[in-house]
J.: 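Pasting in a structure now, in structure tokens, and then I'll have a few things to ask.
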There are 2 protein chains.
Amino acid sequence: MSTLEDLTKSLKQAGLRLTPQRLAICKLLVETDSHPTAAMIYESIRAQYPSLSLTTVYNTLETLADLGVINVLGHSGDNTVHYDANITPHVHLACIACHKIIDVPSLHVAFLNDDISAVSGYKLLGARLIYYGLCPSCQKRNYQ
Amino acid sequence: MSTLEDLTKSLKQAGLRLTPQRLAICKLLVETDSHPTAAMIYESIRAQYPSLSLTTVYNTLETLADLGVINVLGHSGDNTVHYDANITPHVHLACIACHKIIDVPSLHVAFLNDDISAVSGYKLLGARLIYYGLCPSCQKRNYQ
DNA sequence: TATCTAGTTATAATCATTACAAATTTGGAA
DNA sequence: TTCCAAATTTGTAATGATTATAACTAGATA
Ligand SMILES: [Mn+2]
Ligand SMILES: [Mn+2]
Ligand SMILES: [Zn+2]
Ligand SMILES: [Zn+2]
């Protein structure tokens, strides 16, 4: 799990400024475990920075992803990209009904990593390990 | 790996017709190993069915995905959804430069599945296991 | 044949994301 | 401190994949 220092250091080391907007976005990313989208981040921070623009959120997320300190998850059935400050490969569980994404621990991820690294010939930059289905509460709701 | 019969049977069992368009899309899906997008499928089949519409491709893919006989992969950095007729959970390697997606065999996927199934409490419907990075030829190209 | 319906098609609408240019802020030079 | 160039942010417009809509077609049924 990246810390706030990880993110801010990597910005500085890349010669980029730590603006209030970037800092707020970084803070939110490391403090949440909800795998937010750009729009969610924008809505959360708008209260503190009323002048914040959605473009800045997208730009900052792209910058952090390019630096390799956050992970870009794909869609969870909702046509929006989710982000994760936890860049150690780990498994996600996405509900196709309510679109929540949670982490699932599994020891086998580490073995999987070793396999892929050894076999692929690719220069690996990250992973998106996503199982999807219906979360317990959405299962109930569907049967009512 | 789903066969053509798997796809056509599941369409019939759901009371849906096996139209020429649907058949052509199913054939392409089971014959390719390239994880095509809706647009790629449309372009491939247009020669045989000049009247084919992109909407039909999208509709058919959604139908097959809802039936659970094809898998919806996320983006590979190209902002387009990729599809896979191989619904047994397996690992993908996506190149962020040329956007090709290949399969990678690993025994640990089976163990991972067992873990997730046992622990989650979710009703699991599928998985997207994607590592991304630079493929060997794009690595060369970047260093020239 | 006449009718009904699932499916297809063409077209338009949606909306997340990206591109662009003007305005603002910043850190450093003078 | 004051000024300046560069970096960054912002508001707005453009893009493009996907989805919605409604007219049309084909194929089954009676
Ligand atoms: Mn996570
Ligand atoms: Mn595959
Ligand atoms: Zn749910
Ligand atoms: Zn490549």
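Numbered from 1 within each chain, the chains take letters A, B, ... in sequence-line order.
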J.: Where the side chain of B:V81 is concerned, which of D:dT9, C:dT9, D:dT18 is the nearest nucleotide?
T.: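 From the listed options, D:dT18 comes nearest.
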J.: If you check the A:N59 side chain, which of D:dT18, C:dG7, D:dT10 turns out closest?
T.: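 Of the candidates, D:dT10 comes closest.
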J.: When you measure from the side chain of B:R22, which nucleotide among C:dA19, D:dT19, C:dG7 comes out closest?
T.: C:dG7
J.: Any side-chain N or O of A:T19 less than 4.0 Å from the OP1 or OP2 oxygen of D:dT8?
T.: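 Negative; the distance criterion is not met.
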J.: A:L54 CG to D:dG11 P: how many Å, rounded?
T.: 11 Å
J.: Rounded to the nearest Å, what distance is computed from the OH atom of residue B:Y49 to the P atom of nucleotide D:dA26?
T.: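 In whole Å, D:dA26 P lies 13 Å from B:Y49 OH.
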J.: Would you say a side-chain N or O of A:T55 is under 4.0 Å from OP1 or OP2 of D:dT9?
T.: no
J.: Please report, rounded to the nearest Å, how far the C1' atom of C:dA16 is from the CD atom of A:E43.
T.: 14 Å
J.: What's the separation between atom CD in B:Q21 and atom CG in B:N59, rounded to the nearest 0.5 Å?
T.: 11.0 Å
J.: Nearest to the side chain of A:N79, heavy atoms from C-beta on, is which of D:dT9, C:dG7, D:dT18?
T.: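 Looking only at heavy atoms from C-beta outward on A:N79, the closest nucleotide is D:dT18.
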J.: Let me confirm one number: the OH-CD1 distance from B:Y132 to B:I101, rounded to the nearest 0.5 Å.
T.: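 Answer rounded to 0.5 Å: 13.0 Å.
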J.: Let me know the distance between CD of A:E62 and P of C:dC20, rounded to the nearest Å.
T.: 13 Å
J.: Would you tell me if any nitrogen or oxygen in the side chain of A:Y58 comes within less than 4.0 Å of OP1 or OP2 on C:dT18?
T.: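 Result: no.
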J.: Touch check for A:T37, heavy atoms < 4.0 angstrom, all strands: base, sugar-phosphate only, or nothing?
T.: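 No contact at all - A:T37 keeps every heavy atom at 4.0 Å or more from the nucleic acid.
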J.: Can you tell me how far apart CD1 (B:I25) and NZ (B:K27) are? Round to the nearest 0.5 Å.
T.: 12.5 Å
J.: Under 4.0 Å between a side-chain N or O of A:Q21 and OP1 or OP2 of D:dT10?
T.: yes
J.: I need the minimum non-hydrogen distance between B:L7 and B:S2, along with the two atoms involved.
T.: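 The answer is CD2-CB, 4.0 Å.
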J.: Find the distance B:L18:CG to C:dG7:C1' and express it as a whole number of Å.
T.: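 It is 12 Å, rounded to the nearest whole Å.
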J.: Please determine, for the side chain of A:L52, which listed nucleotide (D:dT9, C:dT9, D:dT10) has the closest atom?
T.: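 It is D:dT10.
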J.: Counting any heavy atom closer than 4.0 Å, what does B:T56 reach on the DNA or RNA strands: base, sugar-phosphate only, or nothing?
T.: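 It contacts base atoms.
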J.: Quick one: on DNA chain C, does B:R17 or B:Y42 contact a more 5' nucleotide (nearest heavy atom)?
T.: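 The residue mapped nearer the 5' terminus is B:R17.
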J.: State the OG-CG distance between B:S106 and A:L112, to the nearest 0.5 angstrom.
T.: 4.5 Å
J.: For B:H99 and D:dG16, give me the distance from atom NE2 to atom P, rounded to whole Å.
T.: 14 Å
J.: Which whole-number value in Å describes the distance from B:K12 NZ to D:dG27 P?
T.: 15 Å
J.: In whole angstroms, how far is the P atom of C:dG7 from the CG atom of B:L61?
T.: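 Going from B:L61 (CG) to C:dG7 (P), I get 15 Å.
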